[in-house]
Each structure stands twice: as C-alpha cells, then as structure tokens.
**Student:** 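Structure below; questions to follow.
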Amino acid sequence: MKLFFHGGGCGDSCCLRVQDLSVKIGSDQILSGVDLHVHCGQLVALIGPNGAGKSTFLKAILGQVDHDGVIAFSSPGQRDRRPRIGYVPQSPTFDPGDPVTVADLFACCMSKRPAFLGLSKAMRKTVLACLERVHGEDLIDQRVGTLSGGELQRVLLALALEPLPNILILDEPLSGVDVEGIGMLMDMLDEIRKTYDLSILMTTHYLSTLEKYADQVVLIDHTVLAQGTPSEVLSSLAFAQVFHRKGGV
Ligand code: ADP
Ligand code: MG
C-alpha cells in the first residue's frame with residue numbers, strides 16, 4: 001500500500017487521489033483498479049448495489065483494511081501533515097434502554113474525565129458549540145438510543161466535525177432517515193461543506209438527491225464503472241446495466 005501526503009494540489013486543488021486501488025479479503029477480490037479524485041470542496045457520492053465494495057472502499061481510505069494502490073491526500077496549507085478525516089460510520093445502533101446521553105457520548109470521545117462524573121461546565125459549553133454546527137443544541141440531554149434516525153446522524157456528524165476535518169466521509173448517512181429528514185440532512189451537509197470548505201465523500205442509495213447535491217457521482221461494482229456529473233452517471237449504460245441486472249438499488 002502507498003499512502004502519500006503532500007502540501008500542494010494535483011493541479012486542480014485535488015484533496016484525495018486514489019489510483020489503482022485494490023482490496024482482497026481472503027480469496028475474494030472485493031475491489032480492483034479503482035481510480036478516484038476528490039477535489040477540495042466537492043461532494044462526491046459513491047453509488048452501487050449492495051456488496052459492490054463501497055464501505056470497503058471507504059475503510060481503505062481510512063486505513064482500516066489492507067489494500068494495494070495509491071491513496072494520496074493533499075491539504076493546501078498543511079504541507080507534510082496528514083489531513084484530518086471526519087468519519088460517520090454506517091448505521092450504528094444504540095439500545096433505547098441505554099442511559100447514555102448525547103452529552104455523555106461527546107464527553108467519552110472528547111474528554112479523559114469519566115462520564116459518570118458528569119460534564120464540567122466548560123465541556124458542556126464545548127459540546128453545545130459542536131451541536132450548534134448541526135442545529136442540534138436541543139439534543140444534548142437526550143438519550144442516544146431514543147434519537148430518531150435523522151437526529152442520530154446529526155449527532156454523529158457533529159462528532160465527526162470536532163475537530164474540523166479536511167475531508168468528511170459518511171457511509172450511508174441517509175439510511176434510517178425519513179423522507180423529510182433526508183432533505184434536511186443533505187441541506188446541512190451542503191451548508192457545512194460551504195461554511196468549513198471541506199470535501200465530502202459519501203455512499204448513498206438515495207439517487208434522487210444526487211442531481212441537487214453531488215458534484216461528482218462514482219458508480220462502483222467492485223471497480224469504477226462510471227464517473228462524472230450526476231446526469232452523466234445516471235444516464236450511462238453502465239448504470240442501466242448494473243441496476244437492471246441487480247433488480248434495483
Ligand atoms: P457495500 O458497502 O457496497 O454494500 P461492502 O464493502 O460492505 O459493500 O462489501 C463488499 C463485499 O466484501 C461483500 O461481498 C462483503 O461480504 C465483503 N466483505 C466486506 N468486508 C468483509 C470482511 N471483513 N470479510 C469478508 N468479506 C467482507
Ligand atoms: Mg456498505
């Protein structure tokens with residue numbers, strides 16, 4: 001595996017460049033020959049059928065699975081420093097009976113003080129500031145297990161934004177979110193991307209959101225089958241073949 005960090009861009013403010021990436025798990029070739037550029041400030045959507053290797057691809061970028069090929073980051077102004085990656089994993093589940101509150105969750109992730117001692121005033125203020133980024137200050141004392149799908153995603157997003165990353169990676173952030181919540185969450189991601197000038201790479205099955213929000217769409221089924229603007233990919237032969245063959249998204 002080759003992992004590079006460099007201060008300059010790839011000529012066009014490229015934030016993440018993946019070249020000839022492949023992942024083999026046991027004897028299964030999960031991904032091969034994957035090339036992808038994410039330019040700074042872009043929202044890139046990865047689509048593909050279940051089992052296509054989307055989550056595996058994100059995990060390779062995060063360094064959580066072994067891979068071959070090149071993954072190169074560049075973060076302008078941060079020469080030789082690894083860019084910060086914010087990550088929202090796919091649908092974590094929390095027990096509704098679990099007493100852990102949103103405040104506790106933040107405290108566990110951000111502070112060495114044991115959560116059972118309660119939040120210091122300063123930490124509560126910090127958590128509120130984090131939640132403000134996702135318009136979620138009112139969620140601070142809610143139990144994590146009782147949050148709706150959309151609320152949970154907002155809380156996880158707030159966690160991924162602290163400290164502010166250069167790239168935000170989200171795995172199926174819209175699954176488990178109701179129809180109204182989907183528009184709200186996508187508007188929020190769009191706002192966050194513009195406010196904090198970060199790049200977003202996300203997987204999704206909600207193709208109706210692509211035209212409005214994605215700069216680039218990448219269709220994956222073990223390798224990249226199509227890549228381009230939402231309309232280019234959604235009207236491609238590869239898209240029709242994959243989803244016709246697999247019987248839908
Ligand atoms: P997607 O996110 O597109 O649905 P995944 O990346 O989760 O696809 O999985 C792609 C393929 O890799 C699937 O066939 C899955 O069973 C396999 N896979 C993923 N992780 C592992 C693993 N840790 N061990 C064995 N097979 C795995
Ligand atoms: Mg997945």
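Read the numbers this way: they start at 1 and go in the same order the structure lists the ligands and their atoms. Everything numeric here is computed off the predicted structure, so don't read it as measured data.
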**Student:** For atom 8 (O) of ligand 1, find the nearest protein heavy atom and state the residue, atom name and distance (0.1 Å precision).
**Tutor:**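 Ranked first by proximity to atom 8 (O) of ligand 1 is Gly53 N, 3.2 Å.
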**Student:** With rounding to the nearest 0.5 angstrom, report the CG to CG distance, Asp138 to Leu131.
**Tutor:**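 Between atom CG of Asp138 and atom CG of Leu131 there are 8.5 Å.
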**Student:** Could you tell me the separation between the CD atom of Glu137 and the CD1 atom of Ile140, rounded to the nearest 0.5 Å?
**Tutor:**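 It is 9.0 Å, given to the nearest 0.5 Å.
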**Student:** Looking only at heavy atoms of Gly51, does any of them come nearer than 4.0 Å to an atom of ligand 1?
**Tutor:**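 Yes, Gly51 has a heavy atom closer than 4.0 Å to ligand 1.
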**Student:** Within ligand 1, which atoms have a heavy atom of Asn50 less than 4.0 Å away?
**Tutor:**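 Per the distance check, 4 (O).
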**Student:** Just verifying a value: how many Å separate Thr101 OG1 and Gln142 CD, rounded to the nearest 0.5 Å?
**Tutor:**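 Result: 10.0 Å between the selected atoms.
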**Student:** Evaluate Ser55 for polar contact with ligand 1, using N/O atom pairs at a separation under 3.5 Å.
**Tutor:**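 Checking ligand 1 against Ser55, an N or O pair does fall under 3.5 Å apart.
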**Student:** Determine whether any protein heavy atom is located less than 4.0 Å from atom 10 (C) of ligand 1.
**Tutor:**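 Under 4.0 Å from atom 10 (C) of ligand 1, at least one protein heavy atom found.
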**Student:** Are Lys24 and Asp28 close enough, and set up right, to give a salt bridge (Lys or Arg N to Asp or Glu O under 4.0 Å), and what steps lead you there?
**Tutor:** CA-CA 6 Å; Lys24 201 171 180 180; Asp28 295 334; over 6 Å; no
**Student:** Cation over ring, Arg193 on Tyr213, under 6.0 Å and within 45°?
**Tutor:**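 Relative to the ring axis of Tyr213, which defines the angle, Arg193 lies outside at least one limit.
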**Student:** Near Ala52, which atoms of ligand 1 are under 4.0 Å from a heavy atom of that residue?
**Tutor:**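 In order of number, 1 (P), 3 (O), 8 (O).
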**Student:** First locate atom CD of Glu232, then atom CD of Gln227, and finally report the distance between them rounded to the nearest 0.5 Å.
**Tutor:**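 Nearest 0.5 Å value for the CD-CD distance: 10.5 Å.
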**Student:** Hydrophobic clusters here meaning ILVMFWY residues chained together by side-chain heavy-atom distances under 4.5 Å, can you tell me if Leu156 and Met184 are in one?
**Tutor:**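 Leu156 does not cluster with Met184.
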**Student:** Can you give me the closest heavy-atom contact between Ser199 and Cys40, atom names plus distance?
**Tutor:**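 Result for this residue pair: OG-CA, 3.3 Å.
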**Student:** Indicate whether atom 16 (O) of ligand 1 is within a distance of less than 4.0 angstrom of some protein heavy atom.
**Tutor:**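 There is no protein heavy atom less than 4.0 Å from atom 16 (O) of ligand 1.
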**Student:** Starting from atom 5 (P) of ligand 1, locate the nearest protein heavy atom and write down its residue, its atom name and how far away it is, to 0.1 Å.
**Tutor:**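 Its nearest protein heavy-atom neighbour is Thr56 OG1, 3.7 Å.
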**Student:** Side chain, backbone, both or neither: which applies to Ile30 and ligand 1 if a contact is any heavy-atom pair less than 4.0 Å apart?
**Tutor:**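 Within the 4.0 Å criterion, Ile30 contacts ligand 1 through side-chain atoms alone.
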**Student:** Report yes or no: does a heavy atom of Gly26 sit under 4.0 Å from some atom of ligand 1?
**Tutor:**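 No heavy atom of Gly26 comes that close to ligand 1.
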**Student:** Is there a polar contact between ligand 1 and Ile25, counting only N or O atoms under 3.5 Å apart?
**Tutor:**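 There is no such contact.
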**Student:** Under 2.8 Å from the Mg ion (ligand 2) - does any N, O or S atom of Ser55 fall there?
**Tutor:**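 Coordinating: yes.
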**Student:** Determine, step by step, whether Asp66 and Lys59 satisfy the salt bridge (Lys or Arg N to Asp or Glu O under 4.0 Å) criterion, reporting the C-alpha distance in whole Å, the side-chain angles of both residues, the deciding distance to 0.1 Å, and the verdict.
**Tutor:** CA-CA 9 Å; Asp66 287 339; Lys59 285 178 190 160; over 6 Å; no
**Student:** Please could you name the atoms of ligand 1 that Pro49 approaches to less than 4.0 Å, counting only its heavy atoms?
**Tutor:**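 Answer, ordered by atom number: 3 (O).
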